[in-house]
Novice: 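Got a structure for you, written out below as structure tokens; questions coming shortly.
Note that the coordinates shown come from a computational prediction; the quantities given were computed from them, not determined experimentally.
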Amino acid sequence: MPDNRSEKLLRRVCRNEQMDGKVRTHALLALRWLGVRGNARIHKMGESFVINLDDPRPELTVSVPAAYKPALDRMKLWMAQAQGFVSAEEYERHASTDEPEPPEDLAAKVSEADIPGLYQEVVHALIRAAYDQYYPLVPTIKGTREWSAAFLMLMKDYVEGIGEKWIYGQPEQDEMAVRHRNWLLSASPDFYESIEAAKRLRTGQARMQS
């Protein structure tokens, strides 16, 4: 059973709009993982929301929400195409739909591509930050092609910002993709500062090794 004092404290944090939005979502997560069940109230953007901890909607999780998986899969599909594992026709055939899962043969080709885990983690962190900041006022993930383009824009900025070569081509430019990118960035205002810091660290380490 959850500790009553901890539960009361976490519930107060969920309702305290002076707390950062991410902190309020983390308090809601903590309630769920402590074993609290039933309803909990969270305040965001001047509104009050009741979340059923037994079956929270939108999804309440410590990992990247499942709703983003199709867009992340399309991101990897683009990267596989850029490396020649997937043809332009194969990419277009799947990317032009909102099918949640790629065909098995296409997924097998994507698995052969070089898609560094670090690059993916950068995108995951940005998704997680925005989701936590605004939950439960998070967008419905439709138009996975535009979302994947937004992920690629941010990934490209990171890779080039730390001084590495971007080998995956120019991401598709689309007004909705730019909006998605800006939404993700709104919860991580220090994103580009952190890239600069990472570049300085890498430069310093390279000098020490030379």
Side-chain angles (χ1 to χ4, degrees), residues 10 13-34 36 40-45 47 49 51-53 55-79 98 100-101 110 115-162 164 168 171 176-199 201:
L10 289 168
V13 172
C14 289
R15 300 191 301 268
N16 186 353
E17 293 230 35
Q18 294 183 344
M19 292 284 188
D20 182 77
K22 298 183 187 73
V23 172
R24 278 171 271 159
T25 301
H26 293 167
L28 195 65
L29 273 164
L31 282 171
R32 188 164 190 236
W33 295 113
L34 277 173
V36 176
R41 192 174 295 275
I42 186 169
H43 289 198
K44 290 284 181 79
M45 309 289 186
E47 297 184 54
F49 302 89
I51 304 297
N52 177 5
L53 294 174
D55 185 25
R57 291 289 180 268
E59 182 183 358
L60 186 63
T61 174
V62 295
S63 58
V64 175
Y68 290 85
K69 185 180 183 300
L72 289 166
D73 285 344
R74 275 166 180 73
M75 176 190 78
K76 290 186 280 189
L77 181 63
W78 172 274
M79 298 171 82
D98 257 355
E101 296 286 343
V110 171
I115 305 175
L118 174 61
Y119 297 177
Q120 296 182 65
E121 284 300 319
V122 169
V123 174
H124 293 174
L126 288 165
I127 294 171
R128 186 74 257 176
Y131 198 84
D132 287 350
Q133 182 69 32
Y134 300 115
Y135 184 91
L137 295 170
V138 291
T140 301
I141 307 303
K142 294 181 179 178
T144 51
R145 185 170 189 160
E146 289 77 21
W147 278 101
S148 68
F151 300 158
L152 287 162
M153 290 178 196
L154 293 166
M155 187 189 288
K156 181 174 183 288
D157 285 349
Y158 174 81
V159 172
E160 293 182 336
I162 64 173
E164 292 189 1
Y168 305 103
M176 189 57 69
V178 171
R179 290 184 183 181
H180 294 332
R181 181 199 63 185
N182 291 345
W183 180 77
L184 291 163
L185 284 173
S186 69
S188 298
D190 60 347
F191 177 60
Y192 291 101
E193 291 179 11
S194 67
I195 292 175
E196 283 295 324
K199 183 178 182 180
L201 179 62

Novice: Evaluate the criterion side chain to side chain contact (heavy atoms under 4.5 Å, CB included) for residue pair Asp20 and Gln133; output intermediate values, then yes/no.
Specialist: CA-CA 8 Å; Asp20 182 77; Gln133 182 69 32; 3.5 Å; yes
Novice: Write down the atom of Pro136, the atom of Pro58, and the distance for their closest heavy-atom approach.
Specialist: O-CG, 3.6 Å
Novice: So, taking the atom named CG in Leu118 and the one named CD1 in Ile162, what distance separates them when rounded to the nearest 0.5 Å?
Specialist: 6.0 Å
Novice: Can you name the nearest heavy-atom pair linking Arg32 to Leu53, along with the distance?
Specialist: NE-O, 2.9 Å
Novice: Holding to ring-ring contact (aromatic ring centres under 6.0 Å, His included), I want the full list of residues that pass it with Phe191, two or more places apart in sequence or in another chain.
Specialist: none
Novice: Say you draw a straight line from OH of Tyr168 to NZ of Lys156; how long is it, rounded to the nearest 0.5 Å?
Specialist: 13.5 Å
Novice: Which atoms form the tightest heavy-atom contact between Glu17 and Glu47, and what is the distance?
Specialist: OE2-N, 4.0 Å
Novice: Under the salt bridge (Lys or Arg N to Asp or Glu O under 4.0 Å) definition, can you give me all pairs with a residue in residues 188-199, not counting sequence neighbours?
Specialist: none
Novice: Just so I know, are the side chains of Trp78 and Ser148 near enough to count as touching, which here means a heavy-atom distance under 4.5 Å?
Specialist: no
Novice: For Ala66 versus Pro70, what's the shortest heavy-atom pair and its separation?
Specialist: O-CD, 3.8 Å
Novice: Quick check for you: to the nearest 0.5 Å, what is the distance between Asp157 atom CG and Leu185 atom CG?
Specialist: 8.0 Å
Novice: Return the NE2 to CE distance between His180 and Met153, rounded to the nearest 0.5 Å.
Specialist: 10.0 Å
Novice: Give me the atom names and distance for the closest heavy-atom approach of Cys14 to Leu28.
Specialist: SG-N, 3.5 Å
Novice: What donor-acceptor contacts under 3.5 angstrom involve side-chain atoms of residues 119-128, with partners at least two apart or in another chain?
Specialist:
residue	atom	partner	partner atom	Å
Tyr119	OH	Glu164	OE1	2.3
Gln120	NE2	Ile115	O	3.1
Arg128	NE	Asp132	OD1	3.1
Arg128	NE	Asp132	OD2	3.3
Arg128	NH1	Thr61	O	2.5
Arg128	NH1	Ser63	O	2.3
Arg128	NH2	Thr61	O	3.0
Arg128	NH2	Asp132	OD1	2.5

Novice: Parallel under 30°, tilted from 30 to 60°, perpendicular over 60°: which one fits the rings of Tyr68 and Phe151?
Specialist: tilted
Novice: Testing Leu10, Leu34, Val62 for side-chain contact (heavy atoms from CB on, under 4.5 Å) with Leu29, which one passes?
Specialist: Val62
Novice: Find the distance between CG (Leu152) and CE (Met79) and round it off to the nearest 0.5 Å.
Specialist: 6.5 Å
Novice: Could you check Val13 against His26 for side chain to side chain contact (heavy atoms under 4.5 Å, CB included), going step by step and ending with a plain yes or no?
Specialist: CA-CA 9 Å; Val13 172; His26 293 167; over 6 Å; no
Novice: Check whether Asp73 reaches the backbone of Glu101 with its side chain - one donor and one acceptor, N or O, closer than 3.5 Å.
Specialist: no
Novice: Treating Arg24 as the side-chain partner and His43 as the backbone partner, does any N or O pair qualify as donor plus acceptor under 3.5 Å?
Specialist: yes
Novice: Can a donor-acceptor pair be found, under 3.5 Å and without considering hydrogens, that links the side chain of Trp147 to the backbone of Arg74?
Specialist: no
Novice: Looking at Arg181 and Ala150, what are the two nearest heavy atoms and their distance?
Specialist: N-CB, 3.6 Å
Novice: With side chains defined as the heavy atoms from C-beta onward, is the minimum distance between Tyr135 and Pro56 less than 4.5 Å?
Specialist: yes
